[in-house]
Amino acid sequence: METLIGGSISKLKQLLADKAVSSNELTLSYYKHIEKHDANINAFLCLTKELSLKQADSIDHLIKSKAELPILAGIPTAIKDNLCLTNYPTTCASKILANYKSPYNATTVDNLIREGAIIVGKTNLDEFAMGSSCENSSFMTTKNPCNTDYVPGGSSGGSAASVAAGFSVIALGSDTGGSIRLPASFCGIVGLKPTYGLVSRYGLIAFASSLDQVGPMGRSVEDVIYAMQSLIGNCYHDSTNIKNPFAENLSDGNFLDVLKSSQSDKPLKNIKIGLIKELDNDGINHEIRDSIKNVIKVLTDLGASVDEVTLPQINAALPVYYIIATAEASSNLARFDGIRYGYRHKEAYSLEELYLKSREYGFGSEVKRRIILGTYCLSSGYFDAYYKKAQAVRRLLQNEIFDQLNTYDVLLSPTAPETAFKINEKTSDPLKMYLTDIATIPANLAGIPAISVPCGFDKNNMPIGFQLMGKALSEKQLLNIAYCYEMATSQKYLRQFNNN
Ligand code: GLN
């Protein structure tokens, strides 16, 4: 039974198909592992055992009837707790939603369930996905399974920890400024932020609507490919969802092809890679820079060419993000007023007092900081100076990135300027925390896909990740390059499990 934890999707599905294990047994073995170890990690805010055992029964039924198994049949999957799951809490790790139960599924959750995934639980996050360390959760701090003195990254830290600890094979996260990729790199797993609009946002509690995207996290590129294939599909509840995204070239939307492509001698021979100069300087930890040099060596050995490119506007990415994201958040979070959803303060004697007290008690300090900042940026006297200016600079940065992507297939950088830091190391200085996202934010501002892949370890044995960004809807190419890298390095940077 032991090898079930840490098994890949293809391996587990084979075991199920061969009847070496039933979906029920597989699910229970994951719960056993969670029950033994999660008290030490704090990945889950809530477990969904009743639901998952029901789902496992239907998979076992399918196996018995010898029906073809869907892509994720029987695969234990964790869901970030800002995605709705029918009749289970969706708290966003906030006191204001502590008692909220969703009456419907997010489309992404529906898609995974349709493909046979077993939902094991809902994972911890920074409150409303605002943060880079999971320390902004109102309920608990998730710890990094590689070393529990360290943060797992954020905001999808619970999802990353779940995969890295072997509590689930894959997990869903959301990424507004790096929240899938940063925790993936801190925990030594793979995370993909899809093109804006490719994956539905319906049922994702909004943080910053022009930046938010749901995406998969997994132990290997291969597992992320299966998860990604299950996530796409038209969603008529989300007006920003791209309808028939691959209509012009259907094969661009078949990510599973990547697994079938032959790993010839030079599989990347026509690929042109741009190394982002502004993310390869003294501000980046030298062990990370050394790992990136090794990544370049592997990719060039596979036939790719690598040149340095420059994106001068990248220096404006953080300020632009913190204006646009906070402005959109202040507007999105106005709905939490104590009337319609979640927490309502008991001792309020006027409508205004009800709003004030409910929000005062319900929101944590980072969320309040951002609401205040965003409201200020949108106020009539300052709108032009901040919000409008930020949108203009966003466009300049987008144009710079698009220009480079006309010449280069993908842009390469570290995922983060440093590896995981210790719990409490940055909590007193929000600006320092914000700086961790310098490499990930540009992809959100430009709406393009980006993937983080493990590529090494620092002197404390904490994982290092590299990032590839590509043109809109170039997920298949990103996954292909990442997969070739993973094969060429014999998957040696994948999370290992000792199964006890
Ligand atoms: N760390 C960034 C922030 O705090 C990004 C968060 C995210 O992607 N959800 O806003």
Ion pair check, Glu135 and Lys426, cut-off under 4.0 Å: no
Under 3.5 Å side-chain donor-acceptor pair for Ser132 and Asp126: no
Ionic contact status for Arg181 with Asp175, cut-off 4.0 Å: yes
Arg394 and Ser210 side chains, donor-acceptor separation under 3.5 Å: yes
Test item: side-chain donor near acceptor, Asn24 and Ser22, under 3.5 Å: no
Asn234, CG: over 12 other non-hydrogen atoms inside 6.0 angstrom: yes
Modelled atom types, side-chain donor and acceptor of Lys80 and Ser174, under 3.5 Å: yes
Expected output: side-chain Arg344 to main-chain Ile339 donor-acceptor under 3.5 Å: yes
Side-chain H-bond candidate by donor/acceptor type, Glu127 with Ser94, under 3.5 Å: yes
Ring pair (Phe, Tyr, Trp, His ring centres under 6.0 Å) between Tyr30 and Phe167, intermediate numbers included: CA-CA 6 Å; Tyr30 271 74; Phe167 298 153; 9.0 Å; no
Donor-acceptor pair between Lys101 and Thr90 side chains, under 3.5 angstrom: no
SB check Lys54 Asp57 (cutoff 4.0 Å): no
Ile242 side chain near Tyr196 side chain, heavy-atom distance below 4.5 Å: no
Side chains of Thr123 and Asp81, donor plus acceptor under 3.5 Å: no
Donor-acceptor side-chain pairing of Ser8 and Asp223 below 3.5 angstrom: no
Among Ile225, Val258, Leu256, Asn249, the one residue meeting side-chain contact (heavy atoms from CB on, under 4.5 Å) with Lys476: Val258
Verdict with reasoning, Asn241 to Ser200, per side chain to side chain donor-acceptor pair (under 3.5 Å): CA-CA 6 Å; Asn241 181 237; Ser200 166; 5.5 Å; no
pair Pro463-Cys146: side-chain heavy atoms closer than 4.5 Å: yes
Derivation of the side chain to side chain donor-acceptor pair (under 3.5 Å) call for Ser10 and Glu222: CA-CA 9 Å; Ser10 58; Glu222 182 184 317; 2.9 Å; yes
Lys32/Glu35 salt bridge by N-O under 4.0 Å criterion: no
Pair Ser52-Tyr31, side-chain donor/acceptor within less than 3.5 Å: yes
Donor on one side chain, acceptor on other, Ser168 and Ser162, under 3.5 Å: yes
Side-chain donor-acceptor pair present, Gln14, Asp18, cut-off under 3.5 Å: yes
Criterion side chain to side chain contact (heavy atoms under 4.5 Å, CB included) on Arg359 and Ile371, from CA distance to verdict: CA-CA 11 Å; Arg359 287 167 70 85; Ile371 291 174; 3.7 Å; yes
Main-chain N/O of Val151 paired with Asn144 side-chain donor or acceptor, under 3.5 Å: yes
Over 12 non-hydrogen atoms of neighbours within 6.0 angstrom of NZ in Lys368: yes
